[in-house]
Structures are given as structure tokens and as C-alpha cells.
Amino acid sequence: MSRHLDRDHLSELWQRQWPLGPPLAHELRAAYSDRCVRFHSLPGSKRHPETEDEYAVVLDRSNTVLEELFAGTDIYVLTMAWSSEPTGPELPTRRREVHPDGSFRMTIANEADPEFHTYTHLYADRRPWQRGSVDGILREVADNVPSRLPRHVCRTPPATVHRSGLPASAAVGVSRR
């Protein structure tokens, strides 16, 4: 149920709203720390769900936050993969399974370590927000596989970004000051 994704338009919107950084979680959190809020997914800040009941809690809490942020809007869903070459094999390999509607958006070179270059590949799709529509992605994140699948959900235009993660998710919003 993905809608047409205009990559240039999305990049333009992102740059206008979030000029201090690309859609990489650690850079957004650092650049906009005064606008970042964390939401714990499990009681007691437990890091990983171990039972189906705990997965249900994670999904319900995540969907509740997403519903408050995005009800009645279209959203962009962004996922990422990595490789050691600009067009090399990507990890995690499950990204295509979990986010089949994601179309390639951009590659960002990570050159912090001159001996080891990596590349982050971003994929996105646009869809109407619907509770449960990103549960497969949220579940993959909750499974905490070694190369877990980072993901962002943002409204159109991207005034608020929700990043799911463990043990908590985070939301970064536009200041209304």
C-alpha cells in the first residue's frame, strides 16, 4: 500500500526540516538533543523481549507512540543497510524481506575510520499511517539481531521523526518556540 516516493522531494523536505544532519539516528540525536524524547518499550527498561507477551507489549507501546505522532497523516518509513563497498552486498540481508516497499533513497559514506570505510544505504516508502503497519520492522528491531535493522518513521513533511530501538525508542520533533 505504498504511495509514490519522490526521492528528490523527500531529500529537499529533510534538508529544510533537519539541516544539521542526514537521517542517521546517532547524528540526529546529537544534533537535536534538545528536541529528543525517549520512550521505554519494556517495563523496568528491560532491553529485549523474551516472550510473545513481551513482544506484544513492545508492539503496543510503539504503536501507541506512533499513533499519537502520526494519526491521520501519511508517513515515510526509512530503513537502512550497510556494506563495505559503495554497491557491495548489504547487511542485514533481511532488509528486503522486512521492508519490501522500500525503494533506494541514498548512500552515505561513513569515513570516520580511514582504514575501514562503510556505506549506509537508505530505503524509504510513503504510506498512510495505520496502526500495525510497521510491526514487521518493529519486531525485527526487537529481535536485536547482530546487524539489526534501523528504522525511522516520519510524517510528511518530516516535522517529527520516530526512531525505534532498544531498550527505548526516541522521537525528535520540531520546536514550536
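A quick note: this is a predicted structure, and the numbers were derived from the prediction, not measured. One-based numbering along the sequence shown.
Met106 and Met80 fall within the same hydrophobic cluster, where Ile, Leu, Val, Met, Phe, Trp and Tyr residues are linked whenever their side-chain heavy atoms come under 4.5 Å apart, directly or through other members. No chain of hydrophobic side-chain contacts below 4.5 Å, direct or via other Ile, Leu, Val, Met, Phe, Trp or Tyr residues, connects Trp82 to Phe116. Cluster annotation: Leu59 is connected to Trp129 through the hydrophobic network of ILVMFWY side chains, with a link wherever side-chain heavy atoms come within less than 4.5 Å. Grouping the Ile, Leu, Val, Met, Phe, Trp and Tyr side chains by contacts below 4.5 angstrom, directly or via other members, places Tyr123 apart from Leu78. In this structure, Leu91 is not a member of the same hydrophobic cluster as Tyr119, with clusters built from ILVMFWY side-chain heavy atoms closer than 4.5 Å.
Of all the heavy atoms in Gly132 and Asn63, the pair that sits closest is N-OD1, 2.9 Å. Between Glu90 and Thr93, the closest heavy-atom pair is O-CG2, 3.5 Å. Scanning both residues, Ser83 and Pro89, for their nearest heavy atoms gives CB-O, 3.2 Å. Between Val57 and Pro43, the shortest heavy-atom contact is CG1-CD, 4.3 Å. Across all non-hydrogen atoms, the minimal contact from Ile108 to Pro22 is CD1-CB, 3.6 Å.
For the pair Leu42 and Pro49, the minimum side-chain heavy-atom distance is below 4.5 Å. Side-chain contact between Arg139 and Ser62 is absent, with no heavy atoms from C-beta onward closer than 4.5 Å. By the 4.5 Å heavy-atom criterion applied to side chains, Leu66 and Arg131 are not counted as neighbours.
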>> Apply side-chain contact (heavy atoms from CB on, under 4.5 Å) to residues Val58 and Leu138 and explain how you reach the verdict.
In response: CA-CA 8 Å; Val58 168; Leu138 295 171; 5.7 Å; no
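For Arg126 and Asp101, the salt-bridge test fails: no basic side-chain N is under 4.0 Å from an acidic carboxylate O.
How far CZ of Arg95 is from CD1 of Ile137: 9.5 Å, rounded to the nearest 0.5 Å. Put simply, CD on Glu12 and CG on Asp8 are 8.5 Å apart, with the number rounded to the nearest 0.5 Å. The CG atom of Leu69 sits 11.0 Å away from the OG1 atom of Thr64 when rounded to the nearest 0.5 Å.
The neighbour count for His9 NE2, taken as heavy atoms of other residues, nucleotides or ligands under 6.0 Å away, does not exceed 12.
Of the residues His121, Glu140, His99, Arg105, the one that meets the side chain to side chain donor-acceptor pair (under 3.5 Å) test with Thr79 is His99.
In this structure, the side chain of Glu54 engages the main chain of Glu50 through a donor-acceptor pair within 3.5 Å. A side-chain donor-acceptor contact under 3.5 Å links Trp14 to the backbone of Gly21.
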